[in-house]
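Some notes on the structure that comes next.
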Amino acid sequence: MDKIVSLCRRRGFVFPSSEIYGGLGSTYDYGHYGVLLKAAIRNLWLRTMVQERDDIVALDSAVILNPRVWEASGHVAGFSDPLVDCRTCKLRFRADRLDDAQCGKKPSKRPGEHSECDLTEARQFNLMFQTQVGAMEDASSSAYLRPETAQGIFINFKNVLQLARRKPPFGIAQVGKTFRNEITPGNFLFRVREFEQMEMEFFVPPGEAEQWYRYWIDQRLEWYRDLGLRDANLRVREHSAEERSHYSSGTSDIEYLYPIGWQELEGVANRGDFDLTQHTGASGTKLEYIDPEGERYTPHVIEPAVSIERIFVALLCDAYHEEVVGERDRTVLRLHPKIAPVKAAILPLIPRDEGMATRARSLYEELRRVHVVEHDDSGQIGRRYRRQDEIGTPWAFTADEQTLEDETVTVRDRDSLEQERIPLAGVRAWLDEALERPWTPAAD
Ligand code: GAP
């Protein structure tokens with residue numbers, strides 16, 4: 001994980017937030033390549049969920065909702081983790097994760113195991129961030145930043161049913177910021193307090209819930225394989241009945257083998273009719289479906305839910321390689337081309353040569369209208385290739401001496417390091433086609 005964090009910082013993917021003020025624990029800002037990588041993840045998710053399907057529509061609900069939403073959903077009463085304080089070192093720990101924590105005294109042991117540890121009894125700590133709406137600061141103005149995007153979907157069920165003219169089975173997909181006052185954030189972006197969730201609530205006839213639950217587990221697992229994550233680093237783990245959330249009648253985690261061990265990447269839950277029933281009861285608005293024969297029912301819900309941050313870390317861990325090429329070290333991110341922040345680099349071999357510089361520049365102008373590409377004319381060519389390897393750019397097109405003679409350029413492949421020549425005029429079509437080609441991660 002340290003190497004990933006260091007690469008992210010060095011190449012401007014991610015840096016600690018508020019750094020000039022000493023930072024704010026486990027809060028991060030995204031730089032240029034981080035923004036591009038997040039956008040690629042988000043776009044691919046929306047494309048798979050919404051663009052390529054007839055049965056899912058998009059939604060963008062507010063971050064701050066009527067606080068009654070969170071009472072009905074069970075978050076006010078139950079969205080909490082057990083917390084213990086140490087009276088000696090003043091640190092706070094999750095009571096159910098003491099085995100993974102370290103106390104603040106040296107030599108560092110598990111909380112409670114050092115002779116000076118003095119832990120309080122466990123108490124429940126609600127993870128929702130509270131805020132005030134408007135100028136008045138009293139109980140009536142109190143609200144929450146949403147701890148999941150899902151509830152914004154449930155409260156819009158009727159709108160979508162009527163206005164988008166859908167009938168079960170159909171889904172509503174949403175991507176947006178989510179906030180949780182985690183007791184122990186950490187492991188880089190893996191557990192943060194502000195993150196971007198991608199959730200899809202799929203509404204189905206009650207009798208079909210189990211079948212759709214299995215369907216979505218398979219679909220989502222396949223999506224990660226298509227993204228290039230290695231099979232050996234992916235698995236599905238079904239929750240036991242004791243482990244499941246209050247609303248769930250079945251939950252499976254798609255887990256990834258992060259450097260910190262097997263951890264939840266995405267959750268797929270069968271939420272039954274819990275949410276629509278709760279909001280019907282609390283709001284008085286019937287959230288149900290009436291079929292053409294006049295039969296009413298409350299649809300059951302299957303939910304695949306993930307954060308961009310968990311995918312971001314998994315992709316970087318899977319793609320990160322250090323190797324020696326021609327006696328020189330190279331760090332390379334072997335990202336799937338469709339997820340790489342920059343799709344191609346355009347390089348004049350000798351930047352001061354006007355013929356090469358002009359051709360490289362005009363190729364760049366042509367390609368950037370359709371793809372995220374980068375023009376680089378500073379430093380030796382080898383160093384420019386290395387810079388692109390480190391950010392995972394799959395191909396580099398170089399204009400060289402031969403370009404001036406026959407209007408061809410070289411294409412360098414990031415993974416095989418092979419080079420071929422193609423006509424300058426055919427680069428756009430070559431790149432379009434290459435981005436659609438099947439891709440598999442290289443063996444270690
Ligand atoms: N609507 C269901 C729900 O929110 P969850 O398991 O609490 O379920 C869903 O969260 C997903 O959100 C997780 O699988 C994970 O990908 C991501 N996630 C949860 N907490 C996170 C955190 N503190 N930092 C980054 N991602 C988080």
Side-chain angles (χ1 to χ4, degrees), residues 1 14 17 25-28 30 38 41-42 45 59 61 63 65 69-70 73-75 78-81 94 97 125-129 144-155 171-202 213 216-217 220-221 223-224 227 229 234-239 243-256 258 260 262-272 274-276 278-279 301-317:
M1 195 70 107
V14 183
S17 184
S26 294
T27 315
Y28 296 92
Y30 291 83
K38 283 212 301 180
I41 297 169
R42 189 187 303 114
W45 188 88
L59 179 82
S61 68
V63 167
L65 303 174
V69 170
W70 306 109
S73 68
H75 283 79
F79 191 58
S80 52
D81 282 336
R94 262 180 74 162
R97 296 255 174 92
F125 174 78
N126 196 295
L127 302 184
M128 285 196 292
F129 277 103
Y144 304 96
L145 303 187
R146 66 179 172 197
E148 63 172 12
T149 60
Q151 298 304 322
I153 297 179
F154 298 130
I155 58 173
I172 306 177
Q174 166 152 237
V175 180
K177 282 273 180 149
T178 297
F179 303 85
R180 293 184 189 178
N181 199 0
E182 299 278 3
I183 299 168
T184 47
N187 290 312
F188 192 35
L189 303 172
F190 180 83
R191 190 175 305 283
V192 277
R193 294 193 171 110
E194 174 182 340
F195 51 101
E196 199 170 336
Q197 272 190 326
M198 305 193 291
E199 298 197 289
M200 195 277 294
E201 310 300 323
F202 202 71
Y213 170 57
W216 279 109
I217 295 170
R220 297 304 301 149
L221 190 58
W223 192 77
Y224 289 110
L227 221 56
L229 293 184
L234 286 167
R235 72 177 187 193
V236 175
R237 189 181 66 81
E238 187 133 21
H239 286 204
E243 207 185 335
R244 278 184 224 138
S245 310
H246 57 286
Y247 53 73
S248 163
S249 50
T251 299
S252 290
D253 288 347
I254 297 178
E255 293 190 330
Y256 180 77
Y258 291 95
I260 50 171
W262 286 103
Q263 295 285 342
E264 175 180 350
L265 168 61
E266 166 159 351
V268 182
N270 178 350
R271 300 181 72 121
F274 177 82
D275 304 277
L276 294 185
Q278 287 294 108
H279 289 303
V301 175
I302 311 302
E303 174 197 70
V306 65
S307 68
I308 292 185
E309 285 74 4
R310 295 249 169 126
I311 301 178
F312 193 104
V313 179
L315 283 171
L316 293 184
C317 293

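Order of appearance sets the numbers: ligands from 1, and atoms from 1 within every ligand.
Ser26 is not listed as a side-chain neighbour of Arg191, based on a closest heavy-atom distance of 4.5 Å or more. Put simply, the side chain of Phe154 does not reach to within 4.5 Å of the side chain of Ser73, judged on heavy atoms. Taking the side chain as every heavy atom from C-beta outward, Arg310 and Gln263 never approach each other to under 4.5 Å. For the pair Tyr258 and Leu265, the minimum side-chain heavy-atom distance is below 4.5 Å.
Nearest protein heavy-atom contact of atom 15 (C) of ligand 1 is Arg310 NH1, 3.6 Å. From the protein, the heavy atom lying nearest to atom 27 (C) of ligand 1 is Phe195 CE1, 3.4 Å. Of all protein heavy atoms, the one closest to atom 12 (O) of ligand 1 is Gln197 NE2, 3.4 Å. Of all protein heavy atoms, the one closest to atom 24 (N) of ligand 1 is Val192 N, 3.1 Å. Closest to atom 25 (C) of ligand 1, if we only count protein heavy atoms, is Phe190 O, 3.2 Å. Closest to atom 14 (O) of ligand 1, if we only count protein heavy atoms, is Glu264 OE2, 2.5 Å. In terms of protein heavy atoms, atom 19 (C) of ligand 1 is closest to Arg180 NH1, 3.5 Å. Ala305 O, 3.6 Å is the protein heavy atom nearest to atom 11 (C) of ligand 1.
Residue Gly267 approaches ligand 1 through these ligand atoms, each under 4.0 Å from one of its heavy atoms: 14 (O). For ligand 1 and Arg271, the ligand atoms under 4.0 Å from any heavy atom of the residue are 1 (N), 2 (C). Using a 4.0 Å cut-off to heavy atoms of Glu303, the atoms of ligand 1 that qualify are 1 (N), 2 (C). Applying the 4.0 Å criterion to heavy atoms of Glu199 picks out, from ligand 1, the atoms 1 (N), 2 (C), 3 (C), 4 (O).
The two residues Leu221 and Ile254 come nearest to each other via the heavy atoms N-CD1, 3.7 Å. Between Gly171 and Met200, the shortest heavy-atom distance links the atoms CA-SD, 3.9 Å.
With sequence neighbours left out, the side-chain contact (heavy atoms from CB on, under 4.5 Å) criterion links Gln174 to Leu59, Asp60, Ser61, Arg146, Thr149, Ile153.
The ring of Phe190 has its center no closer than 6.0 angstrom to the ring center of Phe188.
When heavy-atom distances to ligand 1 are checked against a 4.0 Å cut-off, Glu148 comes that close only through its side chain, counted from C-beta outward. Counting heavy atoms closer than 4.0 Å to ligand 1, residue Gln151 contributes nothing at all. Heavy atoms of Glu266 found under 4.0 angstrom from ligand 1 belong exclusively to the backbone.
Remark: the Tyr213 side chain and the Ser252 side chain contain an N/O donor-acceptor pair separated by less than 3.5 Å.
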Solution key, residues 177-184 side-chain donor-acceptor pairs under 3.5 Å, sequence neighbours excluded:
residue: Lys177; atom: NZ; partner: Glu194; partner atom: OE2; Å: 2.8
residue: Thr178; atom: OG1; partner: Gln197; partner atom: OE1; Å: 3.2
residue: Arg180; atom: NE; partner: Pro147; partner atom: O; Å: 2.9
residue: Arg180; atom: NH2; partner: Pro147; partner atom: O; Å: 3.0
residue: Asn181; atom: OD1; partner: Arg193; partner atom: NE; Å: 3.4

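Distances from ligand 1 to the non-hydrogen atoms of Glu201 include no value under 4.0 Å. At least one heavy atom of Leu265 sits under 4.0 Å from some atom of ligand 1.
The aromatic rings of Phe79 and His75 sit tilted, their planes meeting at an angle between 30° and 60°.
To the nearest 0.5 angstrom, Leu189 atom CG is 12.5 Å from Ile311 atom CD1.
Distances between N or O atoms of Glu182 and those of ligand 1 include at least one value under 3.5 Å. For Ser307, a nitrogen or oxygen atom sits less than 3.5 Å from a nitrogen or oxygen atom of ligand 1, counting backbone and side chain alike.
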